[in-house]
Amino acid sequence: MKRALMVLLILSAYCPGALSSTTREQQSIIAQWTAKNICKMGVNEFYAADEDKIAALFEEQTSMKYEDIPIEPSDSERNRITSQLTGYILSVCPDQMEIYKNR
């Protein structure tokens with residue numbers, strides 16, 4: 001669970017201008033995109049990717065702008081994203097979840 005929060009922190013660090021709250025649909029997009037890329041790339045490669053690569057992937061693979069990711073998500077945003085993200089990883093690539101938790 002703590003690792004999911006780390007993903008949010010990393011994503012928010014890459015988009016410094018994003019301060020607005022997100023809709024449930026946007027939260028779902030952020031969570032699914034993050035989880036899918038963790039499963040595809042692996043935890044270590046995902047975290048090692050530079051900001052430009054993450055931003056380009058996010059905008060190519062979603063309907064959102066990279067700057068739309070909230071820098072300081074509310075507790076409800078963080079909880080919703082974390083729940084969806086961990087659920088996806090656990091169901092699709094559980095081997096990465098263990099790495100994610102131990103990172």
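Fair warning: this is a prediction, and the values are worked out from it, not measured in the lab.
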Value for CD (Gln84) from CH2 (Trp33), rounded to nearest 0.5 Å, stands at 15.0 Å
Sorted by chain and residue number, the salt bridge (charged side-chain N to carboxylate O under 4.0 Å, His left out) partners of Asp75 (sequence neighbours excluded) come out as Arg78
Between Ser76 and Gln27 the two heavy atoms that sit nearest each other are O-OE1, 4.5 Å
Between the OG1 atom in Thr34 and the CD1 atom in Ile69, the distance rounded to the nearest 0.5 Å is 6.5 Å
Side chain to side chain contact (heavy atoms under 4.5 Å, CB included) filter on Thr23, not counting sequence neighbours, yields Glu25, Gln26
To the nearest 0.5 Å, what is the distance between CD on Gln61 and CG on Asn37? 4.5 Å
Can you tell me how far CG of Leu57 sits from CZ of Phe46, rounded to the nearest 0.5 angstrom? 8.5 Å
Under a 4.5 Å cut-off applied to non-hydrogen side-chain atoms, are Leu85 and Tyr100 in contact? yes
Is Pro73 close to Thr22 at the side-chain level, that is, under 4.5 Å between some pair of heavy atoms? no
Taking atom CD1 of Ile89 and atom CD1 of Ile38, what is their separation to the nearest 0.5 Å? 4.0 Å
According to side-chain hydrogen bond (donor to acceptor under 3.5 Å, both in side chains), who are the partners of Glu59, at least two apart in sequence or on a separate chain? none
Without swapping roles, check the side chain of Ser28 against the backbone of Arg24 for a donor-acceptor pair under 3.5 Å. no
Could you pull out every donor-acceptor pair under 3.5 Å between side chains of residues 90-97 and any protein atom, sequence neighbours left out?
| residue | atom | partner | partner atom | Å |
| --- | --- | --- | --- | --- |
| Ser91 | OG | Gly87 | O | 3.2 |
| Ser91 | OG | Tyr88 | O | 3.0 |
| Gln96 | OE1 | Val43 | N | 2.8 |

Considering residues at least two apart in sequence or located in another chain, which fulfil the salt bridge (charged side-chain N to carboxylate O under 4.0 Å, His left out) criterion with Lys65? none
Sequence neighbours excluded, the answer for side-chain hydrogen bond (donor to acceptor under 3.5 Å, both in side chains) partners of Thr62 is none
Distance-only polar pair, side chains of Ser21 and Glu77, donor-acceptor under 3.5 Å: no
